[in-house]
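See structure below.
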Amino acid sequence: MSAKVIFAGRKLLIATKHGKERQIAPVLEKELGVKPFVIPDLDTDVLGTFTGEIERKDDPLTTLRKKCRMGYEASGCDLVVASEGTFTTHPVSGFIPFHFELLMLCDFSNGLEVTVQETTTDTNISKEEIKNWEQLQNFAARTGFPRHALILRLPDDNRHLYKGITDTETLSKCYIALRAMREVVVAETDMRAMHNPKRMQVIARAAKELVKKIKSECPVCQWPGYGVTDARKGLPCAQCGAPTRTTFSYILRCARCSHSEEKLYPQGKTTEDPMYCDLCNP
């Protein structure tokens, strides 16, 4: 059954409170024929916040499923899309900032779940202890302020913080207020989607990948959402032949009939540069 038959004309809830519908809605409306909407008071922050006031207790995929379920139960709409972003270090290099964004569509009526992941090192995530106004100005300039918002807080304190700062006057007032309590203030980038254009670009790319995967049908049963569900590492080193941490193959699987296949060398190369080998370059 094609995606057009399944989704055309149906309402689609985008489960977000951070403006992600601006990137997701136009793509899904055009490509799938759905009618996207949001619930303004849907508080997805109860599942965890970037700033730590509410701890995220689950892994990103579990959190994402809960977010979709939350939207379904709050709206009664059986078609829900949500995203979950994580910022860490690059899995190979180990020190470059790394952003991966999960985007999931849940069709609760048809028991269909489709998930894609978009990754990039093009992120401005940063955090620094600030001791004077000049240092804060330099941090702001380096991280793309005011287009990208900032957060100011006291060290190891989730109570005294200011989010979504997007102008110099507010930045100054918040800094002065926090400095009155401590000599050191922590500045960090606000990674919530509506305050971080770089993250919004990744979400837009993820939306296009989601559509592509939804339109990909299983070669056996023609169910939508056939695509990559797992990756196997171990691409051999070009010099010593040992397995590296680089992806060797993708596993494609149908969620309905469980048909699967393995796609070798998804990055278009059969060996990895020795610089990424743990034996040649420990």
[X] versus [Y]: any side-chain heavy-atom pair under 4.5 Å?
{"X": "His195", "Y": "Ile151", "value": "no"}
{"X": "Leu28", "Y": "Val211", "value": "yes"}
{"X": "Leu152", "Y": "Leu136", "value": "yes"}
{"X": "Val220", "Y": "Cys254", "value": "no"}
{"X": "Phe50", "Y": "Thr189", "value": "no"}

Is [Y] reachable from [X] through a run of hydrophobic residues whose side-chain heavy atoms are each under 4.5 Å from the next?
{"X": "Ile203", "Y": "Phe37", "result": "no"}
{"X": "Tyr250", "Y": "Leu264", "result": "no"}
{"X": "Val27", "Y": "Leu12", "result": "yes"}
{"X": "Val202", "Y": "Leu105", "result": "no"}
{"X": "Ile96", "Y": "Ile125", "result": "no"}

Got a sec: does the [atom1] of [X] have more than 12 other heavy atoms crowding it under 6.0 Å?
{"X": "Glu129", "atom1": "CD", "result": "no"}
{"X": "Asp59", "atom1": "CG", "result": "yes"}
{"X": "Lys208", "atom1": "NZ", "result": "no"}
{"X": "Lys213", "atom1": "NZ", "result": "yes"}
{"X": "Lys35", "atom1": "NZ", "result": "no"}

Steps toward side-chain contact (heavy atoms from CB on, under 4.5 Å) verdict (Leu102, Gln117):
CA-CA 5 Å; Leu102 288 173; Gln117 176 178 292; 3.7 Å; yes
Nearest heavy-atom neighbours spanning [X] and [Y]:
{"X": "Asp45", "Y": "Ile54", "answer": "O-CD1, 3.4 Å"}
{"X": "Leu171", "Y": "Ala140", "answer": "CD2-CB, 4.4 Å"}
{"X": "Pro36", "Y": "Ile14", "answer": "CB-CD1, 4.0 Å"}
{"X": "Phe145", "Y": "Ile165", "answer": "CE1-O, 3.3 Å"}
{"X": "Ser75", "Y": "Ile39", "answer": "CB-CD1, 3.3 Å"}
{"X": "Leu178", "Y": "Leu154", "answer": "O-CD2, 3.6 Å"}

Distance, nearest 0.5 Å, that separates [atom1] of [X] from [atom2] of [Y]:
{"X": "Met191", "Y": "Arg199", "atom1": "CE", "atom2": "CZ", "value": "7.5 Å"}
{"X": "Arg147", "Y": "Lys198", "atom1": "CZ", "atom2": "NZ", "value": "8.0 Å"}
{"X": "Leu32", "Y": "Ile214", "atom1": "CG", "atom2": "CD1", "value": "5.0 Å"}
{"X": "Gln137", "Y": "Ile130", "atom1": "CD", "atom2": "CD1", "value": "10.5 Å"}
{"X": "His99", "Y": "Glu118", "atom1": "NE2", "atom2": "CD", "value": "9.0 Å"}
{"X": "Gln201", "Y": "Asn196", "atom1": "CD", "atom2": "CG", "value": "9.0 Å"}

Report the relative orientation of the aromatic rings in His259 and Tyr226; use parallel for angles under 30°, tilted for 30 to 60°, perpendicular for over 60°.
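Plane angle under 30°, so parallel.
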Give me the ring orientation class for Phe98 and His90: parallel if the planes are under 30° apart, tilted from 30 to 60°, perpendicular past 60°.
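Phe98 and His90: perpendicular rings.
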Is a side-chain N or O of [X] found less than 3.5 angstrom from the main chain of [Y], in a donor-acceptor match?
{"X": "Asp273", "Y": "Tyr276", "answer": "no"}
{"X": "Asp190", "Y": "Gly164", "answer": "yes"}
{"X": "Lys20", "Y": "Ser83", "answer": "yes"}
{"X": "Thr44", "Y": "Thr16", "answer": "no"}
{"X": "Asp78", "Y": "Phe108", "answer": "no"}
{"X": "Arg153", "Y": "Arg159", "answer": "no"}
{"X": "Thr86", "Y": "Phe100", "answer": "no"}
{"X": "Asp230", "Y": "Ile251", "answer": "no"}

side-chain contact (heavy atoms from CB on, under 4.5 Å) between Leu61 and Met104: does it pass, once the steps are laid out?
CA-CA 9 Å; Leu61 188 59; Met104 176 184 288; 3.6 Å; yes
Taking 4.0 angstrom as the limit, do Arg10 and Asp107 come out as a salt bridge?
yes
Taking NZ, NE, NH1 and NH2 as the nitrogens, is one of them in Lys173 or Glu169 under 4.0 Å from a carboxylate oxygen of the other?
yes
Looking only at side chains, do Glu272 and Thr246 share a donor and an acceptor under 3.5 Å apart?
yes
Using distance alone, with no hydrogens and no angle criterion, decide if Ser249 and Glu262 have a side-chain donor and acceptor under 3.5 Å apart.
yes
Would Leu103 and Ile24 satisfy side-chain contact (heavy atoms from CB on, under 4.5 Å), going step by step from the backbone distance to the final call?
CA-CA 10 Å; Leu103 186 61; Ile24 298 172; 3.8 Å; yes
Within the 6.0 Å centroid threshold, strictly below: Tyr265 and Phe248:
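Yes, the ring centres sit under 6.0 Å apart.
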Carefully, step by step, assess Lys57 and Lys66 under the rule side-chain contact (heavy atoms from CB on, under 4.5 Å).
CA-CA 11 Å; Lys57 298 181 180 180; Lys66 287 185 176 182; over 6 Å; no
